[in-house]
Amino acid sequence: MGARLTSITGLQNLTNLTDLQLGWNSLTEVDLSGMSTLVDVDISDQNSPNVEDNNCLTSVNLTGCTALEELRLDDSDFSNGIPDLTGLIALRVIDFDQCGITGTVDISDLPLLERFDFSGNEALTGVTISSSQPLGNVDLNANDCALYQLAVDEILVALAANAVNKGYVDLTSGTNATPGSSGLAAKTTLEGRGWTVDVNV
């Protein structure tokens with residue numbers, strides 16, 4: 001592999017930039033604040049120089065990225081919290097797999113969100129979503145996590161209450177809990193609408 005970027009500044013000078021692809025470098029922080037034309041951002045797979053599988057990206061400033069639709073930050077180190085997504089109301093896709101995320105993540109205020117990937121976050125115990133989001137138009141992944149039973153149930157109930165048909169959700173593996181009674185009822189509802197629902201049993 002060739003030389004990797006370890007820092008990057010001045011992106012705000014690219015006033016018409018819509019697509020930013022910075023995957024497979026060694027960036028620890030990226031400032032995208034005020035970049036209101038960005039639509040697609042991929043800063044995945046940032047590893048420390050000469051050390052594979054050592055995720056080093058810990059900070060991404062997305063303030064003012066109001067046009068952003070797709071955000072891929074997988075294989076980062078967000079053990080101290082994911083980037084602030086407040087005000088990113090155009091987001092449709094977020095990818096935070098294998099980012100060391102702990103506790104609960106609330107993504108319920110992203111009104112157009114269709115897809116999330118939180119797989120491989122082994123200490124992630126909950127993902128809060130809203131029944132009004134169009135989630136499921138693209139696959140949803142929170143496999144290989146540590147979701148509590150209440151979290152599993154709440155995800156399934158919210159999905160069952162939305163209007164999406166023929167979606168896919170994977171809540172298997174890791175230490176994810178099995179669904180409770182409300183989760184199982186929601187699973188049945190979703191499967192009746194053509195969904196594929198994978199959960200631990």
Side-chain angles (χ1 to χ4, degrees), residues 1-49 53-121 124 127-130 132-142 158 162 164 167-169:
M1 180 178 291
R4 292 177 169 181
L5 293 173
T6 57
S7 66
I8 190 165
T9 59
L11 290 169
Q12 286 75 10
N13 293 320
L14 305 173
T15 55
N16 295 315
L17 188 67
T18 60
D19 190 341
L20 180 65
Q21 306 291 320
L22 290 172
W24 298 101
N25 283 295
S26 297
L27 300 168
T28 58
E29 58 183 3
V30 178
D31 182 4
L32 303 178
S33 60
M35 299 186 70
S36 59
T37 60
L38 277 176
V39 175
D40 189 339
V41 169
D42 186 343
I43 317 177
S44 303
D45 299 286
Q46 304 299 310
N47 298 133
S48 297
D53 301 320
N54 182 20
N55 302 344
C56 63
L57 181 67
T58 61
S59 174
V60 181
N61 188 341
L62 298 165
T63 305
C65 296
T66 52
L68 192 60
E69 296 182 10
E70 300 194 17
L71 177 63
R72 292 176 174 82
L73 301 176
D74 50 280
D75 295 277
S76 297
D77 179 2
F78 296 137
S79 53
N80 290 322
I82 68 171
D84 187 357
L85 305 180
T86 302
L88 306 187
I89 59 173
L91 268 180
R92 297 185 300 103
V93 175
I94 56 175
D95 189 347
F96 287 93
D97 74 82
Q98 301 185 86
C99 287
I101 302 169
T102 64
T104 298
V105 173
D106 188 340
I107 53 173
S108 62
D109 59 350
L110 303 174
L112 301 183
L113 195 65
E114 299 177 358
R115 174 187 185 237
F116 62 72
D117 188 351
F118 287 105
S119 59
N121 289 289
L124 178 65
V127 178
T128 303
I129 61 175
S130 168
S132 64
Q133 293 170 303
L135 286 162
N137 282 323
V138 193
D139 57 288
L140 312 175
N141 293 297
N162 75 15
V164 177
Y168 172 71
V169 58

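If you read the sequence from its start, that first residue is 1, and numbering goes on from there. Side chains are part of it too, since the values below use all heavy atoms of this structure and drop only hydrogens, waters and symmetry mates. Please read these numbers as outputs of a predicted model, since none were measured by experiment.
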Other residues, nucleotides, ligands: >12 heavy atoms within 6.0 Å of Ile89 CD1: no
Given the rule in the side-chain contact (heavy atoms from CB on, under 4.5 Å) test, do Asp77 and Gln46 qualify, once you have shown the distances and angles that lead to the verdict? CA-CA 9 Å; Asp77 179 2; Gln46 304 299 310; over 6 Å; no
ring-ring contact (aromatic ring centres under 6.0 Å, His included) partners for Phe96, two or more places apart: Phe78, Phe118
Counting N and O atoms only, with roles assigned by atom type, does the side chain of Ser26 sit under 3.5 Å from a partner on the main chain of Asn47, one being a donor and the other an acceptor? yes
Interatomic distance, OG@Ser76 vs CD1@Ile82, rounded to 0.5 Å, equals 11.0 Å
Answer yes or no: is there a side-chain heavy-atom contact under 4.5 Å between Asp74 and Asp117? no
Residue pairs involving residues 78-104 (criterion salt bridge (Lys or Arg N to Asp or Glu O under 4.0 Å); sequence neighbours excluded): Glu69-Arg92, Glu70-Arg92, Arg92-Glu114
Decide if atom CD of Gln21 counts as having more than 12 heavy atoms of other residues, nucleotides or ligands within a radius under 6.0 Å. yes
side-chain contact (heavy atoms from CB on, under 4.5 Å) evaluation trace for Val41 with Val60: CA-CA 11 Å; Val41 169; Val60 181; 6.0 Å; no
Is it the case that the side chain of Asn162 and the backbone of Ser132 share a donor-acceptor pair, with hydrogens and angles ignored and the cut-off at 3.5 Å? no
Could you pull out the closest heavy-atom pair between Ser130 and Ser108, with the gap in Å? CB-O, 3.7 Å
May I have the step-by-step check of side-chain contact (heavy atoms from CB on, under 4.5 Å) for Thr15 and Thr37, ending in yes or no? CA-CA 7 Å; Thr15 55; Thr37 60; over 6 Å; no
Is Leu135 close to Val164 at the side-chain level, that is, under 4.5 Å between some pair of heavy atoms? no
Would you sort out whether Asn55 and Cys99 count as a side-chain contact (heavy atoms from CB on, under 4.5 Å), showing the intermediate values? CA-CA 8 Å; Asn55 302 344; Cys99 287; over 6 Å; no
Find out whether Thr6 and Asn25 are in side-chain contact, i.e. whether some heavy atom of one side chain is under 4.5 Å from a heavy atom of the other. no
In chain order, what residues pass the side chain to side chain contact (heavy atoms under 4.5 Å, CB included) check against Ser36, with sequence neighbours excluded? Thr66
Taking only residues two or more places apart in sequence, or in another chain, which ones meet Leu14 in a side chain to side chain contact (heavy atoms under 4.5 Å, CB included)? Leu11, Leu17
CD1-CG distance between Ile94 and Leu110, expressed to the nearest 0.5 angstrom: 6.0 Å
Distance col, row Asn80:CG vs Thr102:OG1, nearest 0.5 angstrom, shows 8.0 Å
With no hydrogens and no angle check, is any side-chain donor or acceptor of Asn121 less than 3.5 Å from a backbone partner on Ile101? yes
In Å, rounded to the nearest 0.5 Å, how long is the span from CG of Leu112 to CG of Leu88? 11.5 Å
Nearest 0.5 Å, please: how far is CG in Leu71 from CG in Leu68? 5.5 Å
Rounded to the nearest 0.5 Å, what separation is found between the CG atom of Asp45 and the CG atom of Asp75? 4.5 Å
Will you find, in the side chains of Ser48 and Asn54, an N or O donor that is under 3.5 Å from an N or O acceptor? yes
Can you sort out the partners of Asp139 under salt bridge (charged side-chain N to carboxylate O under 4.0 Å, His left out), two or more places apart, ordered by chain and number? Arg115
Ser33: what forms a side-chain hydrogen bond (donor to acceptor under 3.5 Å, both in side chains) with it, not counting sequence neighbours? Asp31
Which pair of non-hydrogen atoms, one from Pro134 and one from Pro111, has the smallest distance, and what is that distance? CD-O, 3.2 Å
